Amino acid sequence: MPAVLFAAILCVGLWLRLAHLDAQPLWADEAETAINALTILQHGVPVDHYQGLPIFENTLIQPWPGNPEYEFKDLSYSKRGLAIYHGWLPLYATAASFRLFGVRPCGEGCASEWRLSDWRSRTRIARFPSIVFGMALLPLLFVAGRRIGGSVTGWSAMLFGSLFGPAIAHSRQARYYSATVLLSLLCAVLLCRFVDNRRWRDAVLGGLALAALFHTHLLSFALFACFYGAATGWVLWRQFTVLPRLCAMWLIAAALTVPWVLATGFLEQAVSIPSARNYLLFPQDVLTYAWLKVLYTLLGAAGAVGLALLTKKGLGYPARQRIQFQGIAFWYCLILIWIVTAHAIFLLGIPLASFFYERLTMLLLPGCILALALLLTATARFLSERHSGTLSASLTFLLVAVVPGIPYPRMEWFKWDALQALQPLQHLAANPQTRFYATPSDHLVLSFYTNLPVQSVAPVRKSFLNGYPHTVVILERHQLEVDDRSPIGWPQLYRRAAGSGVRLSEMEARELSQKLAARALSKSLAERGTRAVDVPGAIPRFAGAALREYELFAIKSSQRQLERAQQSPIFRGFAMGEWEEWWPVFFYRFVEPDARRGEHLNYLLRIHSADIRLFGGYWIGYVSPTPADSSKDDTRNRHLRSFLLRD
């Protein structure tokens with residue numbers, strides 16, 4: 001029976017992680033991982049260029065004097081051209097998945113067949129290693145839970161980990177998140193085993209796990225290096241004869257990390273990366289995460305109070321039961337130390353460009369799952385010692401169903417039709433002199449899927465763009481949010497038309513939705529003082545009301561995004577009228593954003609001579625065959641050839 005239950009939990013966890021894995025394309029950070037992995041297939045190590053172009057991922061700080069095209073280098077790569085901002089273990093895992101399933105890197109001048117089936121396949125392949133790491137976490141949760149609270153806690157931890165929203169979300173992205181959670185828990189388990197048994201095997205495995213965590217996520221490594229250091233002092237104080245084993249553990253970890261640090265030039269580059277701690281506001285930034293996750297904060301506090309009461313003498317509990325609660329309370333306190341220490345290391349060590357509170361969830365996730373499993377076990381034993389297993393499982397299902405999860409932010413997720421809408425650009429790639437640019441970090445996604453050599457427009461010199469004598473294509477994506485539930489989504493238009501006595505087919509409703517999205521985008525561009533795009537054809541009266549409702553909907557949505565962005569210190573002090581202005585602030589944060597956005601944007605002059613095209617209601621594309629005439633720098637007085645490209 002236990003084996004059947006174990007297999008059932010694993011199957012449920014696997015199904016939840018695999019379901020609709022390719023429903024959405026990779027988002028920008030996932031595409032970054034995928035491209036790094038493709039460079040490994042080309043060069044054996046993750047390097048700073050792909051398709052003949054330098055890779056740009058991070059905020060722009062480091063000048064690139066002497067380069068006629070690029071004003072900046074990217075801090076994500078060392079002076080030796082190697083990736084140092086992210087650990088290599090997840091990158092090599094993704095590269096291995098690509099090699100195993102036949103995904104090949106694209107060299108200069110390669111072409112794409114733009115097949116949606118291929119894109120979906122590449123998406124699943126890129127995310128496959130995270131699924132493997134996420135599934136390996138589940139049995140490890142069982143081992144850890146059984147170690148700290150008995151078999152009931154082990155089953156509860158495994159079941160909760162298989163169903164918990166954040167654990168699932170971390171396991172479905174082509175990033176380092178899943179591997180970090182797994183290796184963090186592995187380090188914790190091996191450290192506990194070594195403290196208890198002081199065996200050579202646990203010392204060797206502990207050193208290997210710590211080194212693997214270093215090559216996955218540096219902040220998590222720093223967290224467990226602190227724990228390993230504290231455990232070293234504790235064990236030596238109790239039994240000095242284990243010194244050789246401790247030395248072996250640390251030497252193994254050092255031997256697998258220090259040569260990499262020296263070979264990649266990590267230290268000389270890392271000192272240039274701005275840390276978030278210099279830009280935080282105290283005490284509010286310390287408390288923000290607890291407030292954002294207030295339900296879990298209250299649950300954890302209630303658990304601490306409850307365990308304190310259950311372990312107190314004189315409340316009528318049998319001594320045997322009180323001792324059980326004391327054991328649970330001990331481990332619960334250690335996990336709270338884990339949570340508090342991880343929070344402190346996050347605040348002190350996270351780079352400013354990566355300071356988003358949701359990333360703290362990754363450091364806390366294993367400890368939080370174990371803490372919740374301990375609370376569920378304690379509650380079940382308090383209610384009935386005999387039926388504690390059944391009650392613990394029931395409480396786990398109840399907690400998952402009632403308490404909202406912490407979904408990992410998907411930021412600016414693409415849609416498949418948004419990518420396919422760009423297919424008319426493919427013919428422009430036949431000319432090797434054509435330059436493709438996109439607002440960051442969309443260029444990473446476009447490069448991965450379309451194989452077009454798309455570069456971020458942010459680091460490019462204004463003088464280069466203004467003087468480049470060949471065709472330049474610049475893509476801006478706008479957050480129109482035209483899904484089925486929006487006021488101009490096709491189901492809403494279909495119902496509005498029926499209510500007005502107009503009969504529309506589904507295809508007609510979809511075409512009308514696209515036209516309204518294009519009109520909304522055109523109006524938004526005109527209000528920003530740039531360009532309006534002519535969208536031919538009249539719209540029905542009922543659709544006019546929907547369009548006005550949608551404009552209010554889009555404004556409110558943009559404001560919500562801006563409010564969330566202000567939680568990150570990288571955006572503080574810079575006014576943004578709409579969400580599309582986020583990227584000049586983020587990427588130019590340390591090089592005077594106000595002098596590089598709006599009327600000072602580096603590609604503004606180039607688009608004055610461009611054909612303006614709308615692609616599928618998602619993108620505005622500027623196709624500029626020749627540089628603009630600077631003597632005619634008034635966009636409102638120029639004749640624009642504009643047209644709409646539908647799917």
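Sequence positions, counted from 1, serve as the residue numbers for this chain. Any value given below was found using the heavy atoms of this structure, including those in side chains, with hydrogens, waters and symmetry copies removed. Just so you know, these numbers come straight off a predicted model, no measurement behind them.
The shortest non-hydrogen separation linking L363 to A342 is CD2-O, 3.9 Å. The minimum heavy-atom distance linking L375 with G303 is given by the pair CD2-CA, 3.3 Å. When all heavy atoms are compared, the tightest approach of S178 to S130 is OG-O, 2.9 Å. Across all non-hydrogen atoms, the minimal contact from L604 to I607 is O-CG1, 3.1 Å. Looking at every heavy atom in both residues, P90 comes nearest to H215 through CD-O, 3.6 Å. Across every non-hydrogen atom of T361 and P166, the tightest pair is CG2-CB, 4.4 Å.
Remark: side-chain polar atoms of T297 are paired, donor with acceptor, to backbone N or O of A290 under 3.5 angstrom. R17 places a side-chain N or O within donor-acceptor distance of the main-chain N or O of G13, the cut-off being under 3.5 Å. Not a single donor-acceptor pair under 3.5 Å links the side chain of D442 to the backbone N or O of A438. Remark: side-chain polar atoms of S171 are not paired, donor with acceptor, to backbone N or O of I131 under 3.5 angstrom. Between the side chain of D74 and the backbone N or O of E57 there is at least one donor-acceptor pair closer than 3.5 Å.
Salt-bridge annotation for E71 and R596: present, with a side-chain N of the basic residue lying under 4.0 Å from a carboxylate O of the acidic one. A salt bridge is absent between E69 and R461; no separation between the charged side-chain nitrogens and carboxylate oxygens falls under 4.0 Å.
Between F355 and Y357, the ring center distance clears the sub-6.0 Å criterion. Aromatic ring centres of Y332 and W338: separated by at least 6.0 Å.
Atom CG of L53 is separated from atom NE2 of H443 by 9.5 Å, given to the nearest 0.5 angstrom. Distance check, rounded to the nearest 0.5 Å: OG1 of T216 to CG of L183 gives 4.5 Å. For the atom pair CH2 of W619 and CD1 of I474, the computed distance is 13.0 Å after rounding to the nearest 0.5 Å. Here the CD1 atom belonging to I61 is positioned 8.0 Å from the OG atom belonging to S272, to the nearest 0.5 angstrom. Taking CG from L16 and CZ from R172, the interatomic distance works out to 9.0 Å, rounded to the nearest 0.5 Å. Note: L446 CG to Y437 OH = 14.5 Å, rounded to the nearest 0.5 Å.
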Intermediate values then yes/no, side chain to side chain contact (heavy atoms under 4.5 Å, CB included), W88 and V45: CA-CA 9 Å; W88 284 16; V45 291; 4.1 Å; yes
Side chain to side chain contact (heavy atoms under 4.5 Å, CB included) between Y77 and V47, worked out: CA-CA 8 Å; Y77 302 89; V47 298; over 6 Å; no
Test side chain to side chain contact (heavy atoms under 4.5 Å, CB included) applied to L26 and Y449, step by step: CA-CA 9 Å; L26 304 181; Y449 283 112; 3.3 Å; yes
Trace of the salt bridge (Lys or Arg N to Asp or Glu O under 4.0 Å) decision for R359 with D29: CA-CA 13 Å; R359 295 192 176 184; D29 285 8; 2.9 Å; yes
Trace of the side chain to side chain contact (heavy atoms under 4.5 Å, CB included) decision for L213 with L89: CA-CA 9 Å; L213 189 57; L89 190 150; over 6 Å; no
Audit row: S78, R80, side-chain hydrogen bond (donor to acceptor under 3.5 Å, both in side chains) steps and yes/no: CA-CA 5 Å; S78 69; R80 301 173 193 181; 5.7 Å; no
Check against side-chain hydrogen bond (donor to acceptor under 3.5 Å, both in side chains), E32 and H86: CA-CA 10 Å; E32 169 190 308; H86 295 300; 2.9 Å; yes
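In this structure, E599 places its CD atom where only 12 or fewer heavy-atom neighbours from other residues, nucleotides or ligands lie under 6.0 Å away.
Counting heavy atoms from C-beta on, the side chains of V591 and F72 come closer than 4.5 Å. Side-chain atoms of F224 and L190, non-hydrogen and from C-beta on, never get closer than 4.5 Å to each other. Residues C192 and W331 have side chains in contact (heavy-atom distance under 4.5 Å, counting atoms from C-beta outward). Side-chain contact between L218 and F266: present, with at least one pair of heavy atoms (C-beta onward) separated by less than 4.5 Å. When side chains are defined from C-beta on, R572 does not count as touching Y279, because their heavy atoms never get closer than 4.5 Å. You'll find the side chain of N36 reaches within 4.5 Å of the side chain of I55, heavy atoms only. Inter-residue side-chain proximity for L365 and Y177 is flagged as unmet; no heavy-atom pair is nearer than 4.5 Å. Side-chain atoms of V294 and Y289, non-hydrogen and from C-beta on, never get closer than 4.5 Å to each other.
For the residue pair Q173 and W27, a side-chain donor N or O sits within less than 3.5 Å of a side-chain acceptor on the partner. A side-chain N or O of T33 and one of R175 form a donor-acceptor pair less than 3.5 Å apart. A donor-acceptor pair shorter than 3.5 Å can be found between the side chains of S354 and Y85. A donor-acceptor contact under 3.5 angstrom links the side chains of E476 and Y603, judged on distance only.
Applying ring-ring contact (aromatic ring centres under 6.0 Å, His included) to F56 and the options F587, Y70, Y50 leaves one that passes, Y70.
Residues that satisfy the side-chain hydrogen bond (donor to acceptor under 3.5 Å, both in side chains) test with T377, not counting sequence neighbours, are T153.
Residue pairs that meet the side chain to side chain donor-acceptor pair (under 3.5 Å) test with at least one member in residues 219-233, sequence neighbours left out, are H217-S220, T232-W250.
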